[in-house]
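To start, the structure itself, in structure tokens.
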There are 2 protein chains.
Amino acid sequence: MPATSKNKAAALPKRRETAASRVYETLRDEISGGRFRVGDRLTEGALAEEMTVSRTPVREALRRLESEGFVTISPHAGALVKGWSAQDARDVFETRAIIEAAAAGRAARNATASDVQALDDLARRMEAAAGGPLQDVAGYSEMNRDFHARILHLSGNRRIEGIALNLMDLGFLVRSYRLFGQEDVDRSLSDHRQLVTAIRDGEADWAAAVMRAHILAAARIFKGTHDVPEPTGQSPLKKESDKENIT
Amino acid sequence: MPATSKNKAAALPKRRETAASRVYETLRDEISGGRFRVGDRLTEGALAEEMTVSRTPVREALRRLESEGFVTISPHAGALVKGWSAQDARDVFETRAIIEAAAAGRAARNATASDVQALDDLARRMEAAAGGPLQDVAGYSEMNRDFHARILHLSGNRRIEGIALNLMDLGFLVRSYRLFGQEDVDRSLSDHRQLVTAIRDGEADWAAAVMRAHILAAARIFKGTHDVPEPTGQSPLKKESDKENIT
DNA sequence: AACCTACATATCGTATACAATAACGCAAGA
DNA sequence: TCTTGCGTTATTGTATACGATATGTAGGTT
């Protein structure tokens, strides 16, 4: 329905954000949150009506989601929610291991005392939060992201930082912490402690090796419990799952 | 003026592309080609009129260019041609060195005999083309891109492949081969030979090391002759200075 | 003279209207 | 029953109209 710009009081006018960015964030969270099935069609008109905006900002949001790998868009066919194969997950973790290991090594050379202090504080807070059986998964995940982001920033290479952050924020990874058992969390925390120490002492090679192991360990957990959301089922209609895997 | 889709006979009537993609490609080539100066304002309306389309496809093209790092867009201020500082260039080369070295190592493990054959053919063709003083810079550059792209593909990691290709295709790097002297070309070709050999023999570590050296050497050449100052922030009074930026 | 305010203008963000295309179904024939 | 062709329809691509916002300027006040 034509929302005549009068409905600003309707939803969330708090921020001075644009409608396009709001639609983008909403859709991104919803896709990550599992509202849609892989292969689902995202129709501009339907989404526009649902969010009480016009097709223009929806369209913009979809294009952005495509560039970040959440949906695929075909010239006249529209947007489909993109699926993740086991191979995709493996590739992402492997790439993260490579890039973040290098970043950790650089961070070990660049970090100042206060940088190390901040990292250490964060690591301790994570340990405190994980005292019990990890209740606040979202909060822990957020702290973990922050920990990695700080190290990436300390690498001094903004390109590395941006690429690695993108990889970290991919939808199918965001919620993977639910898969962590107690011992996994313990090992992860131990890795973090080692990273802080290695960075504090300027031991670049050690920092890189720890980071690599840290990420590959997470990959193993993810892989073990998350084997193949293959396109097998998923066909409410006929054959929609043409699979984007190039191979 | 409503261009009633009849003017397709103007330039490229062959393809059935969308207007947005045409605008995107045109703008990308023009930015890479140096038509604009760093910091130039790209106004939607002006570009739309120039290309005889509406603002909508222009807008879409600009957003895409932003996501690929060619322009920066501020919420209500519009798009500016993005500049590359020496630090940016350094970051890109360093990141390429890290990622492509890893890719070369994986390629050494995955490559089949025919893969190696294809690489070797390409390397030989490049040597032949560089017999003289490198006349066809564009052609040579294209072959070089293909060489690297093949190795990236052989890594078996599509994520690595995509990231590295993006880094390779950044505007300010595309034409950097003009900076290569004869000895630089010779060393580059020698690197390629070594890469082919290392991959053929499955020597992952050697392949990775050669690739790393290969890219960092290129970085050094680029850096030496291309030391540019910062994009000077965005001076608000900065006026349009289009046309004529050869370099 | 400096500063603040109000207005004018240019450009972006969004809504809506229209055109083009591809998916879908239905019917007709073999 | 299967195939094939055409027409309908839903959805995307593009154009245009309108509203919102930032910037720049002129004029008035202190």
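These numbers were taken from a predicted model, which means no experiment stands behind them. Note on naming: letters A, B, ... go to the chains in the order of the sequence lines (proteins, then strands), and numbering restarts at 1 for each one. The analysis underlying the following values was restricted to heavy atoms, covering all of them including side chains, and did not include hydrogens, waters or symmetry mates.
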Under 3.5 Å between N/O atoms: give me all the protein pairs with nucleotides 7-11 of chain D, atom names plus distance.
residue : atom : partner : partner atom : Å
dT11(D) : O3'  : R41(A)  : NH2          : 3.3

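In terms of the side chain to side chain donor-acceptor pair (under 3.5 Å) criterion, residue partners of R59(B) (sequence neighbours excluded) are, by chain and number, E60(A), E44(B). Applying the side chain to side chain donor-acceptor pair (under 3.5 Å) rule to N166(A) yields no partners; only residues at least two apart in sequence or on another chain are considered. Taking the side chain to side chain donor-acceptor pair (under 3.5 Å) definition, one finds that E142(A) meets it with nothing, sequence neighbours left out. By the side chain to side chain donor-acceptor pair (under 3.5 Å) test, E25(A) pairs with no residue at all, sequence neighbours left out. Residues satisfying the ring-ring contact (aromatic ring centres under 6.0 Å, His included) criterion with Y24(B), sequence neighbours excluded, are absent altogether.
Toward the 5′ end of DNA chain C lies the nearest nucleotide of G45(B), the other residue of the pair G45(B) and P57(A) mapping further downstream.
Whole-Å rounding puts the R55(B) CZ to dG13(C) P distance at 8 Å. Taking atom CG on L62(A) and atom P on dT14(C), their separation rounds to 14 Å, with Å as the unit. Atom-to-atom, CZ of R22(B) to C1' of dT14(D) comes out at 11 Å; the value is rounded to the nearest Å. Rounded to an integer number of Å, the gap from R63(B) CZ to dC12(C) P is 10 Å. Put simply, CG on L80(B) is 13 Å from C1' on dC12(C), counting in whole angstrom units. When rounded to the nearest whole Å, the span between CD1 of I73(B) and C1' of dG13(C) equals 12 Å. Between the CG atom of L47(B) and the C1' atom of dA15(D) there is a distance of 17 Å, given to the nearest Å. Between E60(B) atom CD and dC12(C) atom P the separation is 16 Å, expressed in whole Å.
Residue-level contact check: L42(A) touches the backbone only, with heavy atoms under 4.0 Å from sugar-phosphate atoms and none from bases.
Comparing atom distances between the S54(A) side chain and each of dT14(D), dA15(D), dT14(C) picks out dT14(C) as nearest.
Annotation for G78(A) and R41(A): closest pair CA-NE, 4.3 Å, computed over non-hydrogen atoms.
In this structure a side-chain-to-backbone donor-acceptor pair under 3.5 Å is missing from N110(A) to A107(A).
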